[in-house]
Amino acid sequence: MKDLLDKLNPQQKEAVLCTEGPLLVLAGAGSGKTRVLTHRIAYLIQEKGVNPWNIMAITFTNKAAQEMKERADALVGMGSDALWVSTFHSSCARILRRYIDRIGYTGNFTIYDTDDTKSLMKDIIRSLDLDPKIYKEKNLLAKISAAKNNFVQAEEYRRSVSTWQERKIAEVYMEYQARLKKNNALDFDDLLVKTVELFQTCPDVLDYYQNRFQYIMIDEYQDTNTVQFEFVSALAKRNRNLCVVGDDDQSIYKFRGANIENILGFERVFPDAKVIKLEQNYRSTSSILNAANNVIGNNIGRKAKRLWTENGEGSLVRFRQFQNGFEEAEFIAGDISEKVRDGASYNEFAILYRTNAQSRLFEEKFMMANIPYKLVGGINFYARKEIKDLLAYMKTIDNGQDDLAVQRIINVPKRGIGAASIAKVDQYAYEQGIHFYEALLEAEFVPGIGRALGKLQSFTTFIQSLRSVTGYLSVTELLKKIIDDTGYVEALKAEDTDESRARIENIDELISKTAAYEESTPNPTLSGFLQEVALVADIDSVEEEKDYVLMMTFHSAKGLEFDQVYMAGMEDGLFPSYMTLTADSSDDLEEERRLCYVGITRARKVLTMTAAQMRMVRGETQYNKTSRFVREIPRELVDLGRDVETQRRFSKPSSGMFGGSEAPAKKTYPSSVFKPRAFTVNKADSLDYTVGDTVRHMKFGVGIVQAINDGGKDFEVTVNFENAGVKRMFASFAKLKKV
DNA sequence: CTCCTTTGTCTTTTT
DNA sequence: GACAAAGGAG
């Protein structure tokens with residue numbers, strides 16, 4: 001136990017030892033807050049004899065939760081599976097599965113994602129006869145979400161509004177909740193709202209959880225919103241052993257309702273709170289840290305603090321400007337290849353940007369340069385059409401109450417059931433006060449249904465037949481049966497386009513996800529899988545051991561760290577975004593600056609910022625100035641790369657969109673890049689193609705395999721492409737498909 | 001009912 | 001420039 005505390009600095013130690021009563025830990029970037037939390041958990045269990053069952057920790061992502069559990073496990077060595085470590089949303093979902101029947105839902109409720117709520121809202125606009133030109137579902141949903149984040153429920157909202165416009169929104173809000181309830185569905189915000197409602201209406205339930213969670217810890221507290229605060233304070237009310245950890249400088253989710261008051265006013269809510277500041281940074285070099293300090297120093301509304309480090313000075317922050325986005329991407333790809341050739345491995349690098357749209361250029365260049373990468377964010381895996389379709393089948397089989405899911409797949413694949421028939425059934429269901437699927441089962445009573453009846457009946461027969469086998473099929477087997485019986489993959493195969501092949505790959509991935517779920521869960525069920533799937537974030541699937549470059553938005557990068565970070569698109573109008581530059585209040589700009597601070601502090605050793613003079617945005621060419629954030633870094637901390645040679649090398653006009661492949665490919669990515677060092681990909685046992693076979697690559701198209709070398713950790717394949725010429729690549733990354 | 005073409009909107013960021 | 005929604009032809 002001694003060594004457990006020995007590894008901590010005095011402030012960290014204090015935070016670990018201070019277990020009783022409210023505690024606010026103001027933890028600067030890289031100051032070891034995760035370490036404090038895990039050690040605190042270990043200390044509670046080992047020294048204070050607290051039962052792990054009585055400890056709750058809330059993290060920002062499922063991945064962080066997983067890691068915290070593992071680390072606590074390593075320190076304590078036992079009992080940590082009884083710990084409750086999870087995100088707000090997952091915690092609430094778990095509580096609601098158990099008790100939601102007390103507030104009029106049933107425990108097998110579905111969780112609607114953004115797409116689902118959008119189509120629901122579209123329905124509502126139609127049925128309330130609102131002008132879709134004035135009432136956009138996105139705006140309405142944003143209003144409702146904002147209300148929910150502040151824990152304002154529909155009735156209360158209606159009572160509080162005054163203008164005619166607001167009353168309309170209140171009406172929509174009421175209808176929206178009614179429909180959700182009818183579908184036995186919750187949106188993301190509802191998970192929080194309904195849990196707090198449950199606590200308020202059922203004191204015995206709250207009592208149970210208050211007793212259970214004697215010690216509560218919240219990470220990333222600066223990004224909690226009001227309803228999350230209500231949730232936490234309800235739970236912590238009895239024992240008051242609440243430890244929150246956060247950094248006001250890293251608050252970047254105001255747009256999602258995060259209430260900075262939660263952290264700034266913590267001492268007001270808990271006057272007896274102890275406050276500990278962690279200001280020593282263990283992550284970054286002093287050059288990087290100083291750059292971060294200087295940038296964030298321009299913000300007015302923040303708690304005074306200044307991070308320091310004992311780490312060496314390190315190299316200066318690099319800044320490079322390019323003609324356009326292509327060259328920017330080319331530079332970064334070339335830079336990484338060069339460093340890998342000199343002994344670095346891909347997973348040391350991350351590329352961060354403001355908007356997801358920026359990732360496309362990098363994807364293109366990286367694919368060309370044969371650099372393995374993983375894209376985080378963008379379209380969530382589970383939001384893809386093919387995945388949502390298959391999940392909708394599973395939902396329909398699991399719980400016919402989800403009208404949205406049923407309507408999604410009733411004509412997928414095409415069964416000749418059109419909008420008109422669906423509307424008739426929907427109307428009938430509405431009149432009878434039954435679910436859409438129930439209405440389908442008695443379709444013969446639907447007025448004017450006519451020739452569609454047979455088609456509807458064969459659909460329900462099909463679903464019923466799938467339902468009847470759920471008892472003895474595993475989730476994976478059921479999914480495979482759905483795919484077979486609907487001919488979903490078969491149809492995609494027949495399409496035979498790049499897109500359809502990518503979809504099939506996604507479906508294969510879904511199958512492995514169900515298999516993985518069944519392996520990792522003691523009592524796997526269909527409902528269990530669907531629940532788990534609803535709350536996973538893209539970042540949760542990142543595996544550190546895998547050797548790839550990560551590309552993501554600044555937002556997604558929160559809580560992560562990398563040896564070498566590229567901050568791309570450092571231009572006024574992009575970052576900070578045009579919206580915040582034109583806004584009249586400086587609050588939004590300050591939030592952008594915090595986002596920049598988060599980005600800078602992700603880097604351990606090398607930080608590179610890049611910008612383009614000219615950039616295509618929404619099909620238009622924009623000319624942007626260098627970001628003010630770059631200019632806020634003192635000149636002496638920046639390496640501007642005035643070296644003529646590098647300028648010339650990277651400022652060459654690129655030869656068209658895709659034409660640039662030959663020249664840079666030779667120069668920047670020689671085969672020595674493929675030293676098999678530290679390359680820990682999953683090597684396939686065998687390849688399904690061999691020398692002489694024709695294969696297809698995502699980017700290069702069709703080619704003939706010339707050679708396959710077993711490079712030990714992976715197969716190295718040489719392919720002669722029809723259009724792209726001869727390329728050597730790793731089999732596990734290239735994902736070649738025999739044709 | 002389905003497929004194809006045209007039109008409009010969008011981009012900040014996400015559980 | 002991309003993608004979804006709407007409108008029109010078969």
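First the proteins, then the strands, lettered A, B, ... as listed; each starts at 1.
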Check: A/Phe575 ring centre within less than 6.0 Å of A/Phe629 ring centre: yes
Nearest-neighbour nucleotide for the A/Ser577 side chain, B/dT15, B/dT12, B/dC1 considered: B/dT12
Sugar-phosphate, base or nothing in reach of A/Tyr578, heavy atoms under 4.0 Å: nothing
Sugar-phosphate only, base, or nothing, as touched by A/Lys122 at under 4.0 Å among non-hydrogen atoms: sugar-phosphate
Sugar-phosphate, base or nothing in reach of A/Asp113, heavy atoms under 4.0 Å: nothing
Sugar-phosphate, base or nothing in reach of A/Ser556, heavy atoms under 4.0 Å: sugar-phosphate
Ring centroid separation A/His555 to A/Tyr353 under 6.0 Å: no
Whether A/Phe213 and A/Tyr209 hold their rings parallel, tilted or perpendicular, with breakpoints at 30° and 60°: parallel
Sugar-phosphate, base or nothing in reach of A/Thr580, heavy atoms under 4.0 Å: nothing
Ring center gap for A/Phe229 and A/Phe231 short of 6.0 angstrom: no
Touch class at under 4.0 angstrom, heavy-atom based, for A/Glu592 against every strand present: base
Nearest-0.5 Å distance that lies between atom OH in A/Tyr597 and atom CD in A/Gln250: 6.0 Å
Over 12 non-hydrogen atoms of neighbours within 6.0 angstrom of NZ in A/Lys455: yes
Which nucleotide in B/dC3, B/dT14, B/dC1 has an atom nearest any side-chain atom of A/Thr553: B/dT14
Ionic contact status for A/Glu561 with A/Arg602, cut-off 4.0 Å: no
Sugar-phosphate, base or nothing in reach of A/Asn411, heavy atoms under 4.0 Å: sugar-phosphate
Dot-bracket notation for DNA chain B, counting Watson-Crick and G-U pairs under 3.5 Å, with | for partners on another strand: ||||||||||.....
Stacking of A/Phe255 on B/dT13 base (centres under 5.5 Å, planes under 30°): yes
Sugar-phosphate only, base, or nothing, as touched by A/Arg594 at under 4.0 Å among non-hydrogen atoms: nothing
